[in-house]
Protein chains: 2
Amino acid sequence: MVAVGERIRLSDVALRAGVSVATASKALNGTGRMTPETRQRVQRVADELGFRPNAMARALISRRTFTVGLLTNDTYGRFTLPVMAGVSEALVDEGVSVFLCSIEDDPALGRVHLDAMLDKQVDGIISTGKRIDKRLPVDLSGLPVPVVYAFTQAPDDAVTLVSDDAQGAREACQWLVGLGRTNIVHITGPETFVSARDRAGAFREVLGERGRVLHGEWSETWGHQAIARLWDEKRARPDGIFCGNDQIARGVIDALRERGVQVPSDVSVVGFDNWEILAAATRPPLTSVDMNLKALGREAGRLILALSEGKQLEPGIRKLPCSLVVRQSCGGLTAD
Amino acid sequence: MVAVGERIRLSDVALRAGVSVATASKALNGTGRMTPETRQRVQRVADELGFRPNAMARALISRRTFTVGLLTNDTYGRFTLPVMAGVSEALVDEGVSVFLCSIEDDPALGRVHLDAMLDKQVDGIISTGKRIDKRLPVDLSGLPVPVVYAFTQAPDDAVTLVSDDAQGAREACQWLVGLGRTNIVHITGPETFVSARDRAGAFREVLGERGRVLHGEWSETWGHQAIARLWDEKRARPDGIFCGNDQIARGVIDALRERGVQVPSDVSVVGFDNWEILAAATRPPLTSVDMNLKALGREAGRLILALSEGKQLEPGIRKLPCSLVVRQSCGGLTAD
DNA sequence: TTGATTTGAGAAAAGGTTTTCCCTTGGTTG
DNA sequence: CAACCAAGGGAAAACCTTTTCTCAAATCAA
């Protein structure tokens with residue numbers, strides 16, 4: 001039922017049901033004591049009138065607004081959107097809505113958004129970004145509301161969620177090894193990124209001496225360049241390539257095709273990020289490590305909910321597993 | 001100043017400043033009458049204490065929450081994110097925060113989010129999506145708050161914002177013609193999309209009989225297929241290609257390279273959407289039509305603000321101009 | 001000096017709900 | 001039949017701010 005004019009107040013319901021506001025409130029909230037008939041009558045009237053309690057008034061008393069803020073500097077949204085989707089998914093059933101605040105890398109803008117959210121008495125704040133080794137340009141310590149950090153750097157005593165890049169990288173490497181690939185190279189982003197170092201570390205851990213790592217940009221162009229370098233060398237050429245992200249992998253695959261190298265029969269390629277729209281458009285479609293950012297967002301939602309209900313959570317970094325999404329760029333048992 | 005424990009209330013400020021709450025309120029809001037000294041004293045105390053008024057209490061009286069909802073079914077967020085950024089940008093200075101609600105294509109989920117927002121007394125709702133010819137699976141008519149539709153289909157009597165696809169397409173075509181291209185083909189998405197029809201219509205309008213249109217999917221694969229078809233025909237091959245989106249353009253350029261056709265010297269290519277991350281990674285970087293979705297979002301923000309302040313707006317469709325972003329895929333005066 | 005006007009500031013209501021008492025009423029027990 | 005108890009429901013305070021009155025004091029005119 002859609003109310004078009006004035007909003008129905010609890011007093012309207014009470015009046016029509018022939019009870020006091022107090023009783024009406026208790027009837028609808030399942031609290032207090034009254035005959036089942038009274039309760040049902042109030043509920044029926046409320047339904048008929050399309051009554052919906054005013055969340056403002058409610059929040060004023062209960063000190064809970066059923067509102068959380070998501071702060072991000074990931075303008076392009078490639079990482080933030082799945083996180084946001086997960087957060088929202090975890091919270092919508094609890095009646096919690098999410099303010100999305102994109103603060104770029106502007107401290108002043110961050111301050112403005114933060115103040116706006118605090119004024120609106122959000123129950124909690126989730127801080128997220130595009131790198132797990134950079135902080136948002138805004139100080140979230142000592143706030144009157146709980147904070148959860150998801151996919152961004154955080155103070156030591158904070159509740160933090162990140163993807164387990166090392167584990168994801170291990171899975172990718174083991175997959176290549178399991179397919180019988182022996183000469184495997186890792187082409188990835190700048191060493192200044194913790195993600196790149198973690199993934200490279202796991203790669204070396206699995207492959208030992210055999211594993212070779214090439215650092216560059218996170219771009220298609222670097223994928224091309226790396227292949228050019230590898231193919232121009234007077235060395236055995238790799239039969240397996242683990243790329244630090246899907247854009248590099250895309251560049252790698254395109255470069256290989258230009259050289260007449262068959263993927264996956266000659267070389268298996270794995271990407272990272274599982275950026276659907278890119279991974280699926282690559283020819284052949286790209287096997288890639290998914291950071292499960294939506295699941296990470298869901299967990300962030302659950303945690304902020306728990307915190308805002310007053311539960312205590314142990315601070316520290318929680319690593320969430322990645323998973324390998326298999327497409328056709330590696331070949332495999334059947335198509336080898 | 002960051003308050004860590006209890007929030008400061010107006011009464012705390014009043015007490016400390018030696019005035020009544022009423023006077024304190026008026027002092028801080030610049031209303032009422034009092035000596036300048038009193039006003040300044042109150043303001044100083046409020047600053048010292050780090051007082052920030054409780055938006056809930058405020059909203060309860062003023063019936064404005066400084067909150068709007070953005071409803072979208074664009075899960076991937078390619079269109080919604082720029083719109084959202086624009087909305088937020090237009091509203092943050094007014095102290096308005098934005099609830100982002102992704103409802104997929106699920107009517108029930110839409111209902112849940114809508115109810116949550118209405119309960120929270122949003123001042124207005126912006127409805128946005130990924131197609132201008134599809135509606136969100138939720139009925140927004142007869143709501144107690146104003147609604148603006150941005151980049152999505154809307155009822156006739158609604159305030160609606162869309163990009164001017166025809167104008168954007170015209171600019172692209174005229175650009176190709178201006179470069180001296182004479183045999184121009186339009187490779188675009190399914191005819192079932194209004195966007196595809198609008199762009200194709202403008203294309204034909206500029207090129208007349210010479211203009212040929214190929215409809216397919218919105219994918220890289222279709223770009224490849226279309227080039228295969230065009231190059232296998234026993235006809236004059238095009239020297240200019242206007243693509244319906246950047247993914248098609250990417251496929252087209254890759255397919256041309258595979259055939260040894262030089263872009264831009266042999267063929268000029270224009271894309272649509274100016275999806276930065278794709279357009280910039282294409283070799284050569286792609287000249288593309290930008291729908292200015294951020295500007296569209298800003299306008300949506302301004303309109304919803306005006307409506308929520310009670311201003312009357314004429315219903316109907318407002319078309320916002322696209323603009324051509326020139327990169328290197330067309331060549332031009334210098335690099336021809 | 002008296003009456004009228006202006007000035008500065010406070011008391012109280014309002015906004016919509018929840019929650020804590022308190023008061024009936026009808027029934028039970030001894 | 002008195003005393004007590006439980007059940008059902010209501011009055012009012014509380015949440016925090018804004019806004020409308022109201023009032024006392026100060027200023028001004030006559």
Side-chain angles (χ1 to χ4, degrees), chain A residues 3 5-43 45-46 49-67 95 118-123 144-145, chain B residues 3 5-43 45-46 49-67 95 116 118-123 144:
Chain A
E6 291 293 297
R7 260 189 96 96
I8 306 293
R9 292 178 308 267
L10 183 58
S11 58
D12 299 325
V13 176
L15 194 68
R16 180 101 150 230
V19 296
S20 71
V21 244
T23 305
S25 172
K26 286 179 280 197
L28 297 177
N29 291 315
T31 59
R33 290 181 314 194
M34 68 200 68
T35 54
E37 296 88 73
T38 306
R39 199 180 290 278
Q40 283 164 21
R41 178 160 39 90
V42 175
Q43 286 169 341
V45 171
L49 265 45
F51 168 74
R52 311 229 39 168
N54 182 324
M56 295 297 124
R58 222 171 202 180
L60 205 50
I61 301 176
S62 65
R63 297 160 163 293
R64 285 199 59 190
T65 54
F66 292 89
T67 285
L118 292 176
D119 289 351
K120 283 165 189 136
Q121 317 278 123
V122 290
D123 294 334
V145 297
Chain B
E6 291 291 297
R7 261 188 94 97
I8 306 293
R9 293 178 309 268
L10 183 59
S11 58
D12 300 325
V13 176
L15 194 67
R16 180 100 152 233
V19 295
S20 69
V21 246
T23 305
S25 172
K26 285 178 284 197
L28 297 177
N29 291 314
T31 59
R33 288 183 313 194
M34 67 199 69
T35 54
E37 296 87 74
T38 305
R39 198 180 291 278
Q40 283 165 19
R41 177 159 39 92
V42 175
Q43 287 169 341
V45 171
L49 265 46
F51 168 75
R52 312 230 38 167
N54 182 325
M56 295 297 127
R58 219 169 204 184
L60 204 51
I61 302 176
S62 66
R63 297 165 165 291
R64 282 198 63 191
T65 55
F66 293 90
T67 284
L118 292 176
D119 290 351
K120 284 166 188 132
Q121 318 279 121
V122 289
D123 294 335

Test side chain to side chain contact (heavy atoms under 4.5 Å, CB included) on B:Arg41 and B:Val19 and set out the steps.
-> CA-CA 10 Å; B:Arg41 177 159 39 92; B:Val19 295; 4.1 Å; yes
Nearest-nucleotide comparison on DNA chain C, the residue closer to the 5′ end among B:Thr23 and B:Arg58 | B:Thr23
With nearest nucleotides of DNA chain D determined for B:Arg33 and B:Asn54 from heavy-atom distances, which residue corresponds to the more 5′ nucleotide?
-> B:Asn54
Below 4.5 Å, heavy atoms only, C-beta onward: do B:Leu28 and B:Leu10 meet side chain to side chain?
-> yes
Counting any heavy atom closer than 4.0 Å, what does B:Ser25 reach on the DNA or RNA strands: base, sugar-phosphate only, or nothing?
-> base
Reading DNA chain C 5' to 3', which nucleotide is the first, and which the last, to come under 4.0 Å of any heavy atom in chain A?
-> C:dG16 to C:dT20
Got B:Thr23 and B:Met34 here, is their nearest side-chain heavy-atom distance under 4.5 Å?
-> yes
B:Gln121 vs A:Asn54 side-chain heavy atoms within contact, under 4.5 Å | yes
In Å and rounded to the nearest 0.5 Å, what is the CE to NZ distance from B:Met56 to B:Lys120?
-> 10.0 Å
With a 4.0 Å cut-off (strictly under) to non-hydrogen atoms of chain B, the first and last hit nts on DNA chain D, 5' to 3', are D:dC16 to D:dT20
If you look at every strand shown and take non-hydrogen atoms under 4.0 Å, does A:Thr38 touch a base, only sugar-phosphate, or nothing?
-> sugar-phosphate
Using heavy atoms to find the nearest nucleotide of DNA chain C for B:Ala57 and B:Pro36 separately, return the residue whose nucleotide is more 5′.
-> B:Pro36
Are side-chain heavy atoms of A:Leu118 and B:Arg52 found at a separation under 4.5 Å?
-> no
Answer yes or no: is there an ion pair linking A:Arg7 with A:Asp12, defined by an N-O contact shorter than 4.0 Å?
-> no
Residue met sooner reading DNA chain D from 5', once A:Met34 and B:Ser62 are mapped to nucleotides = A:Met34
Can you tell me how far OG1 of B:Thr35 sits from CD of B:Gln40, rounded to the nearest 0.5 angstrom?
-> 9.0 Å
